[in-house]
Each structure stands twice: as C-alpha cells, then as structure tokens.
Protein chains: 2
Amino acid sequence: MNIYDIAAEANTSISTVSRVLNQKPNVNPEIKKRVEEILKKYDYKPSAIARGMVSKTMKSITVMTVDVRVSHYARTIYVIEQEFSKQGYNVNVCNIGNSKEECIKYLNNAVEKQVDGIVLIGSIFSEFINSKDILHKIKDIPVIIANGHIEEANFYSVMVDDKSGIRSATDYLFEKGYQELLYVCDMDTQSARIKLQGFKEALKLRDIPDIEERIIKTYYGVEGGKAVADFIIDSNKKFDGIVFGEDITAIGALKQFKKRGYNIPEDVAIIGYNNCQETIICEPELTTIDNKAELLGKLCADVLKDITEGKIPQKGITIKPDIIEREST
Amino acid sequence: MNIYDIAAEANTSISTVSRVLNQKPNVNPEIKKRVEEILKKYDYKPSAIARGMVSKTMKSITVMTVDVRVSHYARTIYVIEQEFSKQGYNVNVCNIGNSKEECIKYLNNAVEKQVDGIVLIGSIFSEFINSKDILHKIKDIPVIIANGHIEEANFYSVMVDDKSGIRSATDYLFEKGYQELLYVCDMDTQSARIKLQGFKEALKLRDIPDIEERIIKTYYGVEGGKAVADFIIDSNKKFDGIVFGEDITAIGALKQFKKRGYNIPEDVAIIGYNNCQETIICEPELTTIDNKAELLGKLCADVLKDITEGKIPQKGITIKPDIIEREST
DNA sequence: CTGTTAGCGCCTTCAT
DNA sequence: ATGAAGGCGCTAACAG
C-alpha cells in the first residue's frame, strides 16, 4: 500500500494525497476529507525510508556511550531520548565499550544511515576521534560531545566542570577540618585526569607537600574500592579524608574501612563523585558530587535541536557540579 | 557523491560499481580494482536510505522499555544492542514510561521506519498491546515480547518465570525456619501479579491461613520501602520474614527496619528480587532472586535473529530465576 | 486547486 | 563480463 493506491481509491492524484498527508494548503476540502477517510481506513503510514530518500533525513540521531548499563550514562541517554522523541526523532544507542574500532564502526553506520546528529557522551571520545580520516568521515553531521572538545566546524561541546567538582569536594573536606587528604583515581580517561588536577590544585593552594604521594590508583568498582582501602590502611600513610573520582569505588572503600574497624566519618571521611543511586543505599550514606547527568542530557539535546532547526546553538556551555552533603563526611 | 560519480570516475557503469560494492561475481578483476581504489579514495559509503528503498529494510530494530534508567532494563538492552550491532543493525531505544499513548507512538514510528523487529521488555506491554487496531498495525514486523504473551502469528515470547522466582524465595525462607512471612507488592503490572501468585502458592501449600492479610502494598523505591517498614512495624502483624517484589523497595525497608532497631536477619529476614547492584551495597547485603537481565537480552536477540534469518525460532523459552543467598536472610 | 513529471541513490533484471 | 533501463515510495517543481 502506497500513495498510488490511496490516490487510485480516492480518485485523485498522488500529489493531492501527498498534500493531505503533509497538511499542505491548496486542497479542496471535499477531496481532502475523502482522502483522509481512506488514509484512516487503512491506517496508512507513509514510508519513512522513501521520505528520507527525498528529504535526506530519517529523523534519527545516534547516541554513543561506553556502556548504557552505567547509570549516569543511562540517565543522560534517557533525557536525550525523551527530548528527541517529542519531535518525532528516534535515537539509536551504541555501546562502544572502550574500543576505538567499535567507535569507528558506529560512526560509519551513522554516516550510512545519514543520521541528523551524533551525541557522544564521555570524555573517552575525544581520544578516539582524533585523526583527519575520522573527522572527515563525519564532517557533514553535527556532533555534540559531552565532556570533551574537538576543534571542528561541526563539533559542539557541553562540558561538565569535573575539575571544579573535585576541587570543591577537596576544599569542602579541608573546610570541615580534615587535613590529611588522599585522592583515589580509578580510571584512565581524560575526565579522570582533569579530576585529578582539581585535587592537586586544592592542595597546592594550601601548600601541602608531597602531593604525588597522596594520589592512589586502583581499578573501578566495589572491588577496586575494597582493594584500595586495604592498601591505604596497610600503607603507612597518614589520612583522615579521601576524595574519590567515582561513587562506586568510594562505596567499596567505605565498606572495607568499616569492616576494618574504621568509623566514618570520624576516623576517615569519604566523598564520592556522580551522585548515583547507590550513594543513598550505603551506610553511612555517601557525600558526593552531583554532576547532573539528566541536565547534561537536556543541554546536549538543546544544542542539537538548535542545530537541526537551523539556529545557532549557545557555545561554551558548562555544567557546574554541586556538592551533596550526606553522612560520610 | 553517489554511485554515478564513482562510475564516471572509474569509466564504467553504475551496475559494475554496485557489483563491487556488494561483492557480487562477474566483474573483471582489473575494473574491480580500479573501482575499489576510487571507493577507498573517497571513503565512499553507500546510502543506507537508498538501499532501504530497494531492500525494504534499514537493518535496524526497536527496543522498548518503560525507562532505560532502571538498571535491569539497561542490562537487557545492552546485550540486545551488542548482539545486533555485530550484524550491522542499529537499535533504537524507546522509553514509554507507563504510557500507552507513548507506546503506540513508538510503534507507529517503528512501522514508518520499517524496522526489522521490535523487542518489548516488560510485562506492561501485554496490557498495552491488546486491541485489534494495534495488532494489525504491526502485523508485518516480528515482535519479541519479554515476559509477556500475545497470541499472534508475528509475536514471540521469552518468559521469565517470576512466579517460580517468588515461590522459591518464599520456600527458601520457610526452609530457613522463618514462619510468619509477609509479601510486599509495589507495582501494578502483570509481572507483579504473577509474583504475588508465587507467594500465595507457597503459603497455600503449607496451609497458612489469612494469606490476604500477609500481603502489603506500597509504592516502588527506597521511600516506598521505608514507608512499608514503618507500616508493618506499627501494625500488629506478626512477622519474621518479608518477601519483596523489587530489590530497591526491599532495601528501603531494610534500612528502615535497622533504624527502628530491628536486627536483620535475626529479627526479620528480607529477600528482594532482581539482583541489582544495590543488593551488594546495602548492609547487610541483600539476599535476592536473580532474574538474569543479560540472559533475557541474549535470548530475545537470539529469537529475533532467527526470524530475520528466516529460521524458525525456538518456542516457549523460559528463564528460571536463581536465588542469590547473601546476608539478609 | 490539481495532476504530470522528474528526480532522490541504489539494486536488479534483461539484453548484449 | 557489462550496461541500459525500470522501479522502490515519496516530494517538489511545474504546467495547467
């Protein structure tokens, strides 16, 4: 069933059918009514593919993250999807899982499908999308990169100021009277390095010596947190407060410190990052930095919508993370 | 840039270009080489839309859930996406958020875009997709419905046996020696009703009286759990073990019971459902039923892949949930 | 206000 | 082995 069939049954031409389908003017009300009835009768849906052939767009966008199962990515994706589905777009999600090859595969797919925009969530993408080759591939598609920056005409950024986030987490602990602060780093992304800078900055400003020795590396997750807690306890480092780059790792550590007999926050204060749901599950509940995953999604969507509508999007949008004070500090 | 441009530059016809593009036989190796070089030179990507026009497929599928932010939905979606992206498909995700209207909107969109399949995750969909109208709309698209059943030629089910899941949770508590069991219900979906049946069944088999009075309703989430804990404590019900339909609500209750001075599991045993990440965060860690979100995704993907490949998929696939014993029982 | 026509980019017969 | 031509379903001039 296509517009030819509809036109035949309505005893008119495909142009007229197309006009009523697209609510265009210059259609005799009677014919319009007749066509509409037939449309309804068959519950007729025009082929988006054929339309796309003409209009060069299928009204779809691509959103890429490392892994949807990570809750703050899911939160950002959720908002983007809701914003775009309102406008009749559909969003395809991609899990690249730390692989540059996968990233490029998805990018190629987006080009072939002629999506109207690409949203890249996570600083890892600015590491993957570096060569002229890759940039050239997607030069006709607007790309929003969340928490990353690429200097190209079709690239737009929405930044989360992670440096200031960790900086204020650190300052907050100092202001609370904690003096021997440690920082636990569990990722190797651009964003993780920026967070670390925030910590160093706060310490430098207070002339704290041996900053490098206050930085501990572990792996991401509850287990990584437990391992680093053991490491810290068994080292001879002095500490009374620890800043973490990720909530989940912080929670693992929190559990292990308790198990080893430490009181939180009396013996050691702990602050996390992300404000994920788990922060209100653990005990004591975790003080954390809210980096506003939903707001990030909204702002990315806004920028992309401006572009698809031909408007000039706001440049240099930056989200300031907030501190969420709970029981662990 | 299209195949005409390529053909012109290679001094051949579009048919030949199309042949090399699609690895078809009957093309002179020399010409083939020449064309391939030009293809590479421009990093040429054929338009998936134009291809779709001919082949009637864009190689994409639609996956719908209530909300991607719910972690077990994200887990299922993740696996489906990974499985299909391997085959060059892309998956568009939809958040219907308890709204039948949204559900139908997304279904229409899937029809217009001529997706190759639809995966519906969650029992709520069997309530929304009921009328002949809706069924007729999507009669040409294979639909996999996770945890629901619809008797139509193009519908396929992958079931999670939630009844047996709750049944074994209940049996497990009895076997551990708990005698006064309560069930907390926090949703109003088909799946929630089936879970409840599992609880009732276990009690009936032991000739436990007043089953209805052992069923308590609340709302979903940590707050709903806290509220129901207060309600239970302040009622004059006897209880030493509680079965929950959802982990998150169970955890809210767990926290509140502790706050009100109850020891877990000595004073009250608590068992949840879903095996979400939060179950290993709370203290004591929550015993729960693992309903295998990833496996669900894999099985849905397998069925849909069989269909798209013209094979006959296995019918009546059912996942048996497992009990995960932790500290709360 | 209406209908005819020419594409959109590709695949697929069908001749050659 | 190759190329010309038709068609997928729709939109957008253009002519009436």
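In what follows, chains are A, B, ... by sequence order, proteins preceding strands, each numbered from 1.
Within 6.0 Å of the CD atom in A:Gln87, the count of heavy atoms belonging to other residues, nucleotides or ligands exceeds 12. The 12-atom threshold is exceeded at CD of B:Glu309, counting heavy atoms of other residues, nucleotides or ligands nearer than 6.0 Å.
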Kindly list each side-chain donor-acceptor pair under 3.5 angstrom involving residues 114-126 of chain B, sequence neighbours excluded, with atom names and distances?
{"unit_1": "B:Gln114", "atom_1": "OE1", "unit_2": "A:Ser47", "atom_2": "OG", "d": "3.0"}
{"unit_1": "B:Asp116", "atom_1": "OD1", "unit_2": "B:Thr57", "atom_2": "OG1", "d": "2.7"}
{"unit_1": "B:Asp116", "atom_1": "OD2", "unit_2": "B:Thr57", "atom_2": "OG1", "d": "2.8"}
{"unit_1": "B:Asp116", "atom_1": "OD2", "unit_2": "B:Lys59", "atom_2": "N", "d": "3.2"}
{"unit_1": "B:Asp116", "atom_1": "OD2", "unit_2": "B:Ser60", "atom_2": "N", "d": "3.0"}
{"unit_1": "B:Ser123", "atom_1": "OG", "unit_2": "B:Ser191", "atom_2": "N", "d": "2.9"}
{"unit_1": "B:Ser126", "atom_1": "OG", "unit_2": "B:Ser123", "atom_2": "O", "d": "2.8"}
{"unit_1": "B:Ser126", "atom_1": "OG", "unit_2": "B:Gln190", "atom_2": "OE1", "d": "3.0"}

Tell me which donor-acceptor pairs under 3.5 Å the side chains of residues 138-152 of chain A have, and how far apart each pair is, sequence neighbours excluded?
{"unit_1": "A:Asn147", "atom_1": "OD1", "unit_2": "A:Val160", "atom_2": "N", "d": "3.2"}
{"unit_1": "A:Asn147", "atom_1": "ND2", "unit_2": "A:Asp162", "atom_2": "OD2", "d": "3.1"}
{"unit_1": "A:His149", "atom_1": "ND1", "unit_2": "A:Ser157", "atom_2": "OG", "d": "3.1"}
{"unit_1": "A:His149", "atom_1": "NE2", "unit_2": "A:Glu151", "atom_2": "OE1", "d": "3.0"}

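Listed by chain and number, the residues in a salt bridge (Lys or Arg N to Asp or Glu O under 4.0 Å) with A:Asp43 are A:Lys45, B:Lys137 (sequence neighbours excluded). B:Lys86 meets the salt bridge (Lys or Arg N to Asp or Glu O under 4.0 Å) test with B:Glu83; sequence neighbours excluded. Remark: A:Val91 engages A:Ile61, A:Val63, A:Glu81, A:Phe84, A:Val93 in a side chain to side chain contact (heavy atoms under 4.5 Å, CB included) (not counting sequence neighbours). Taking the salt bridge (Lys or Arg N to Asp or Glu O under 4.0 Å) definition, one finds that A:Glu112 meets it with nothing, sequence neighbours left out. Take A:Ser18 and apply the side chain to side chain contact (heavy atoms under 4.5 Å, CB included) test, not counting sequence neighbours, and it matches A:Asn22. Qualifying salt bridge (Lys or Arg N to Asp or Glu O under 4.0 Å) partners for A:Glu36, counting only residues two or more places apart in sequence or in other chains: none.
Near DNA chain C, meaning a heavy atom under 4.0 Å away, there are no residues from residues 25-36 of chain B.
Residue B:Thr16 is the one, among A:Ile49 and B:Thr16, whose nearest nucleotide of DNA chain D lies closer to the 5' end (criterion: closest heavy atom).
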Its contact letters, B for base, S for sugar-phosphate only and - for none at protein heavy atoms under 4.0 Å, make nucleotides 10-16 of chain D read BBBB---
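First and last contacting nucleotides of DNA chain C toward chain A (any atom under 4.0 angstrom from a heavy atom, 5' to 3' order): C:dC1 to C:dG9.
Checked for salt-bridge contact, B:Lys40 and B:Glu37 miss the test: no charged N lies under 4.0 Å from a carboxylate O.
With hydrogens and angles disregarded, a donor-acceptor distance shorter than 3.5 Å links the side chain of A:Gln82 to the backbone of B:Asn95.
For the helix from C:dC1-D:dG16 to C:dT16-D:dA1, the terminal axes (five pairs an end, C1' atoms, rotation from four pairs onto the next four) enclose an angle of 50°, given to 10 degrees.
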